[in-house]
Amino acid sequence: MADRFFPNVMPDFVTEAAPAASTPTHQQQRIEQTSGGDSLMKLLCMPYPSLSPRFQRTGLDLKESIVMETWGLSGQNVQDFSVYSGSLGTAFLVFKSYQVTKNENDLLLCLQIVKGCDSASLASRDVTFLCGRAGVCALGAVAAKYANDKDLQNHYLNQFGEVKLSKDHPDELLYGRSGYLWACLFINKHIGDDTIPRTTIRAVTAEILKTGRALTKKGGPPLMYEWYGERYWGAAHGLAGIMHVLMDTDLKLDEVEDVKGTLKYMIKNRFPSGNYRASEEDSKRDVLVHWCHGAPGIALTLVKAAKVFGDEEFLRAAVDAGEVVWNRGLLKRVGICHGISGNAYVFLSLYQMTGSIEFLYRAKAFASFLLDRAHKLISAGDMHGGDSPYSLFEGIGGMAYLFLDMMDPSKAKFPAYEL
């Protein structure tokens, strides 16, 4: 099991070196004394106002490299249009860069990449934000809104209206109804409530709940879902992801109880370690500590539940899951889906919920580990750079996104998951 992650030998907490009262030299001497010359410890000791520009600079540099590799060198020929592993993930990263820097060139580049993805996705039957046509149209409409291009915004909204769910679509986040529903909520957040009508959102929500209730069994949770015959628990294909999206909709009282009951069932049946199984059938294999399967994605959902429902049980369970991530979450992968970049968001979410500086430190520690060592570890073959090495969810695109989010940890959101 330990071959999946690096042992976390970082201190549980490091007091940052206080800003120098007189000269920067004094501050540097304090950091040197505390760190003992270790480059990672130097970052952990560094005051946040000094460290955050390094995150931003590295994130923006990575963004430029990713754009060149996925867009500039490809002749703008889109092979994979998805947010998850393709060109639209680059567009989403560039849009994040625009939100951080307000550089209009990033916004124009985002729209240019979306246009290429638009053409490439026309024949797709996939309907979600992460992997489908809905993501192209949703990001296109939102970026056009920020660019004050009303005609282009309306074009993408009209195209979004052509995306149709069918009875054959599953309910999970990557390929199913929940992923389509997230795209609707993303549009309404950025463009305005009821841009996608409440009746549409309600109809999809009701269908997801109907399926979940139909599959539940005696002794099980109030809601259950299958993807290719397996009843998953995690964020990508299972309960955590579906519950996360449902909590952003207007639920009726009985539906609220079903969501809460489902999450409490998961808490009750977690592993003794505090980690969570990948699926209902996988009750003994306590090995996955990823956003897609295991404690990280479920922790984000539990924090959301604590915020939405005000239930301390959810927050306690999220903190417990955070301990799993701290101890076993320095994965030998870089990405958002199943890597260190994604796991760092657990601590950012807990920090935002509790205000505890210890959780901010842990987010800083994971991000600093990447800042200090990711390039060397990937080059040496000791860390997996992802099957799609420049992508948002598998590769260094997720690391770049995290670094940009570390500029303002109080507002950081796991990309394409937290609204």
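This chain uses plain numbering: 1 for the first residue, then up along the sequence. As the structure is a computational prediction, the values presented were derived from the model and not from experiment.
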Does R362 pair with E323 as a salt bridge, N-O distance under 4.0 Å? yes
With a 4.0 Å cut-off, would you call K96 and D405 a salt bridge?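 Salt bridge flag = yes for D405 with K96.
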Can you see which heavy atom on [X] is nearest to which on [Y], and at what distance?
X    : Y    : result
Y345 : E418 : CD2-OE1, 4.5 Å
P222 : G261 : CD-C, 3.5 Å
R177 : T211 : NH1-OG1, 4.2 Å

May I ask you to decide if [Y]'s main-chain N or O and [X]'s side chain share a donor-acceptor pair within less than 3.5 Å?
X    : Y    : result
E394 : S388 : yes
D118 : V136 : no
E172 : Y175 : yes
S178 : I242 : no
S121 : C117 : yes
N275 : A295 : yes
T249 : L246 : yes
T128 : L174 : yes
K332 : D382 : no
R54  : L51  : no

State whether a side-chain donor-acceptor pair under 3.5 Å links [X] with [Y].
X    : Y    : result
R277 : S283 : no
S368 : Y361 : no
Y146 : H190 : yes

Just wondering, are more than 12 heavy atoms of other shown residues or ligands nearer than 6.0 Å to [atom1] in [X]?
X    : atom1 : value
D254 : CG    : yes
K264 : NZ    : yes
K217 : NZ    : no
K189 : NZ    : yes
K115 : NZ    : no

Single hit among H237, R231, E230 for side-chain hydrogen bond (donor to acceptor under 3.5 Å, both in side chains) with S279: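 With S279 as partner, side-chain hydrogen bond (donor to acceptor under 3.5 Å, both in side chains) holds for just one option, E230.
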Could you check Y401 against F393 for ring pair (Phe, Tyr, Trp, His ring centres under 6.0 Å), going step by step and ending with a plain yes or no? CA-CA 10 Å; Y401 200 102; F393 267 67; 9.0 Å; no
F92 ring center near F129 ring center (under 6.0 Å): yes
Are Y417 and W291, when compared by the centres of their aromatic rings, separated by less than 6.0 Å?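 So the answer is yes for these two rings.
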Drop me the distance from L181's CG to R202's CZ, to the nearest 0.5 angstrom. 10.5 Å
Set of side-chain hydrogen bond (donor to acceptor under 3.5 Å, both in side chains) partners for W233, sequence neighbours left out: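 In terms of side-chain hydrogen bond (donor to acceptor under 3.5 Å, both in side chains), with neighbours along the sequence ignored, W233 is linked to E280.
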Paired with F403, the side-chain contact (heavy atoms from CB on, under 4.5 Å) test is passed by just one of L371, D61, V100, namely L371
